[in-house]
A.B. asks: 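Mind looking over this structure? Questions follow.
All values below come from the heavy atoms of this structure, side chains included, with hydrogens, waters and symmetry mates left out. Protein chains get the first letters and strands the later ones, always in sequence-line order, with residue 1 at the start of each.
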Amino acid sequence: MPELPEAETIARALHSALAGRALRGVDLRRRDFLKTGSPRRLRGLAGRRLEAVSRRGKSVVFEFAGARLVLQLGMSGRVQLARPGRRPPPHTHLVLAFAGGWEARCVNTRRIAAGAHVLAGEELGPLAGLGPDADGIGPDDFLARLAGRAAPVKAALMNQTILAGVGNIYSDEALFRAGLRPTRRVRDISRAALLRLHAALRAVLAEAIAAGGSTLADSTPFAGAEGELGYFTLSHRVYGRYGQPCLECGTTLRRAVIGGRSSTYCPRCQR
DNA sequence: CATTTCACCTGGTGGC
DNA sequence: TGCCACCAGGTGAAAT
């Protein structure tokens, strides 16, 4: 599912293909995909120049002069960068047409937690209340934001107000690398172990972003092929491997449900 | 406030 | 082969 690295990869690809181009047309194909702002305001973006595409947490941000369009990818969000004319894929809910003949097609199959937000000026919309981005946070800030919490460390990592961008996949991977059981309460974890977790999280995210970058280099959406932006495979060590042997010690990986999310961990390597 | 739980939605899977 | 129950999970609102 799209978390920080996937959103980063999408934002970078869109930025290199589209930054500097004028938005020519907006096609909102599913009205309820627009969560903040009116369709009128959305259409009002047409004619403006796209200054940049960036990322905040798990969201992709189209930056226009005086306004922003925030795209929440949710559970199953993808963006297809394509030439107009060809039929958009099923579940295409919003199409942004740019000068130079590129369309950014926002595709969502499971319509959960996904949507677009048109923000004027300094308006924050869904970005309000987000903690600092997980790929840039330093060890001191990380410790300060987590310190003393009663929540299970897995839940704390996925709490977007504490730290933005981490979801089920990368929290599982970071906890495995740090040797921490996802059910452990943060306040019971030593400072040294939390520092290990910080380092593990930063490393996992950096590797995933690099993997996304290499995927981009292969798919070259700018070369004319239809570019599906959104997913790539970093080889996961625990995520989704419930019931299979741990790659470090061979113990069968177990599953725990935390905050309604299933988490996979090694009962021997993670304490 | 912090924390926990639940609804939302659809495609893929696995059992029969 | 076909049917259907079940699962996945990001977000925000509601409950504790």
A.B. asks: In whole angstrom, give the distance that lies between atom CD1 of A:I169 and atom C1' of C:dG9.
C.D. replies: 9 Å
A.B. asks: Measure from CZ on A:R55 to C1' on C:dG10 and round the result to the nearest Å.
C.D. replies: 16 Å
A.B. asks: Would you classify A:S76 as touching base, sugar-phosphate or nothing, given that sugar-phosphate means primed atoms plus P, OP1 and OP2, and contacts are heavy atoms under 4.0 Å?
C.D. replies: nothing
A.B. asks: Closer than 4.0 angstrom, basic N to acidic O: yes or no for A:R41 and A:E123?
C.D. replies: yes
A.B. asks: Rounded to whole angstrom units, what separation is found between the CG atom of A:L130 and the C1' atom of C:dG10?
C.D. replies: 12 Å
A.B. asks: A:L124 CG to C:dG12 P: how many Å, rounded?
C.D. replies: 13 Å
A.B. asks: By salt bridge (charged side-chain N to carboxylate O under 4.0 Å, His left out), which residues pair with A:D141, not counting sequence neighbours?
C.D. replies: none
A.B. asks: Would you tabulate the pairs of protein nitrogen or oxygen atoms and nucleotide nitrogen or oxygen atoms of nucleotides 3-7 of chain B closer than 3.5 angstrom?
C.D. replies:
residue : atom : partner : partner atom : Å
B:dT3   : OP1  : A:A150  : N            : 2.6
B:dT3   : OP1  : A:A151  : N            : 3.4
B:dT3   : OP2  : A:R149  : NH1          : 2.8

A.B. asks: Write down the distance between CZ (A:F33) and P (C:dG10), rounded to a whole number of angstrom.
C.D. replies: 16 Å
A.B. asks: Suppose we screen for ring pair (Phe, Tyr, Trp, His ring centres under 6.0 Å). Which residues come up paired with A:F64, at least two apart in sequence or across chains?
C.D. replies: none
A.B. asks: Pick the closest DNA chain C nucleotide for A:N168 and for A:P126 by heavy atoms, then say which residue is nearer the 5' end.
C.D. replies: A:N168
A.B. asks: Whole-Å distance between C:dG12 C1' and A:M75 CE?
C.D. replies: 16 Å
A.B. asks: Tell me, please, which residues at least two apart from A:N108 pass side-chain hydrogen bond (donor to acceptor under 3.5 Å, both in side chains).
C.D. replies: none
A.B. asks: Heavy atoms under 4.0 Å, any strand shown: does A:R255 hit a base, just sugar-phosphate, or nothing?
C.D. replies: sugar-phosphate
A.B. asks: Calculate, to the nearest 0.5 Å, the distance between atoms CH2 and CD belonging to A:W102 and A:Q80 respectively.
C.D. replies: 10.5 Å
A.B. asks: Can you check the A:L73 CG to C:dG12 P distance for me, whole Å?
C.D. replies: 13 Å
A.B. asks: Over all strands shown, is A:Y239 touching base, sugar-phosphate only, or nothing at heavy-atom distances under 4.0 angstrom?
C.D. replies: sugar-phosphate
A.B. asks: Report each atom pair, protein N/O against N/O of nucleotides 11-15 of chain B, whose distance is under 3.5 angstrom.
C.D. replies:
residue : atom : partner : partner atom : Å
B:dG11  : OP1  : A:H91   : NE2          : 2.9

A.B. asks: When all nucleic acid strands are considered with a 4.0 Å heavy-atom cut-off, which category describes A:M1: base, sugar-phosphate, or nothing?
C.D. replies: sugar-phosphate
A.B. asks: How would you list, by chain and number, every residue that makes a ring pair (Phe, Tyr, Trp, His ring centres under 6.0 Å) with A:H93, sequence neighbours excluded?
C.D. replies: A:F33
A.B. asks: Over its full length, what angle do the end axes of the helix from B:dA2-C:dT16 to B:dC16-C:dG2 make, each axis taken from five pairs and the result rounded to 10 degrees?
C.D. replies: 40°
A.B. asks: Who are the salt bridge (charged side-chain N to carboxylate O under 4.0 Å, His left out) partners of A:D32, not counting sequence neighbours?
C.D. replies: A:R30, A:R111
A.B. asks: Round to a whole Å and report the spacing from CG of A:L127 to C1' of C:dG10.
C.D. replies: 15 Å
A.B. asks: Test of understanding: with salt bridge (charged side-chain N to carboxylate O under 4.0 Å, His left out), list the residues that count as partners of A:R55, not counting sequence neighbours.
C.D. replies: A:E8, A:D133, A:D135
A.B. asks: List for me each residue that meets side-chain hydrogen bond (donor to acceptor under 3.5 Å, both in side chains) alongside A:T92, sequence neighbours excluded, and say none if there are none.
C.D. replies: none
A.B. asks: Establish, with yes or no, whether the OP1 or OP2 oxygen of C:dT11 is under 4.0 angstrom from a side-chain nitrogen or oxygen of A:K58.
C.D. replies: yes
A.B. asks: Which residues satisfy the side chain to side chain contact (heavy atoms under 4.5 Å, CB included) test with A:V204, sequence neighbours excluded?
C.D. replies: A:Y170, A:E173, A:R177
A.B. asks: Can you give me every donor-acceptor pair (side chain of residues 151-159 of chain A, partner residue at least two apart or in another chain, under 3.5 Å) with its distance?
C.D. replies:
residue : atom : partner : partner atom : Å
A:K154  : NZ   : A:N168  : O            : 3.1
A:K154  : NZ   : A:N168  : OD1          : 2.4
A:K154  : NZ   : A:S171  : OG           : 2.9
A:K154  : NZ   : A:D172  : OD1          : 2.7
A:N159  : OD1  : A:T161  : N            : 2.9
A:N159  : OD1  : A:T161  : OG1          : 2.7

A.B. asks: For the side chain of A:Q160, starting at C-beta, report the closest nucleotide among C:dT11, C:dG9, B:dC9.
C.D. replies: C:dT11
A.B. asks: Applying side-chain contact (heavy atoms from CB on, under 4.5 Å) between A:R56 and each of A:L4, A:V70, A:L124, A:L127, report the one that passes.
C.D. replies: A:L127
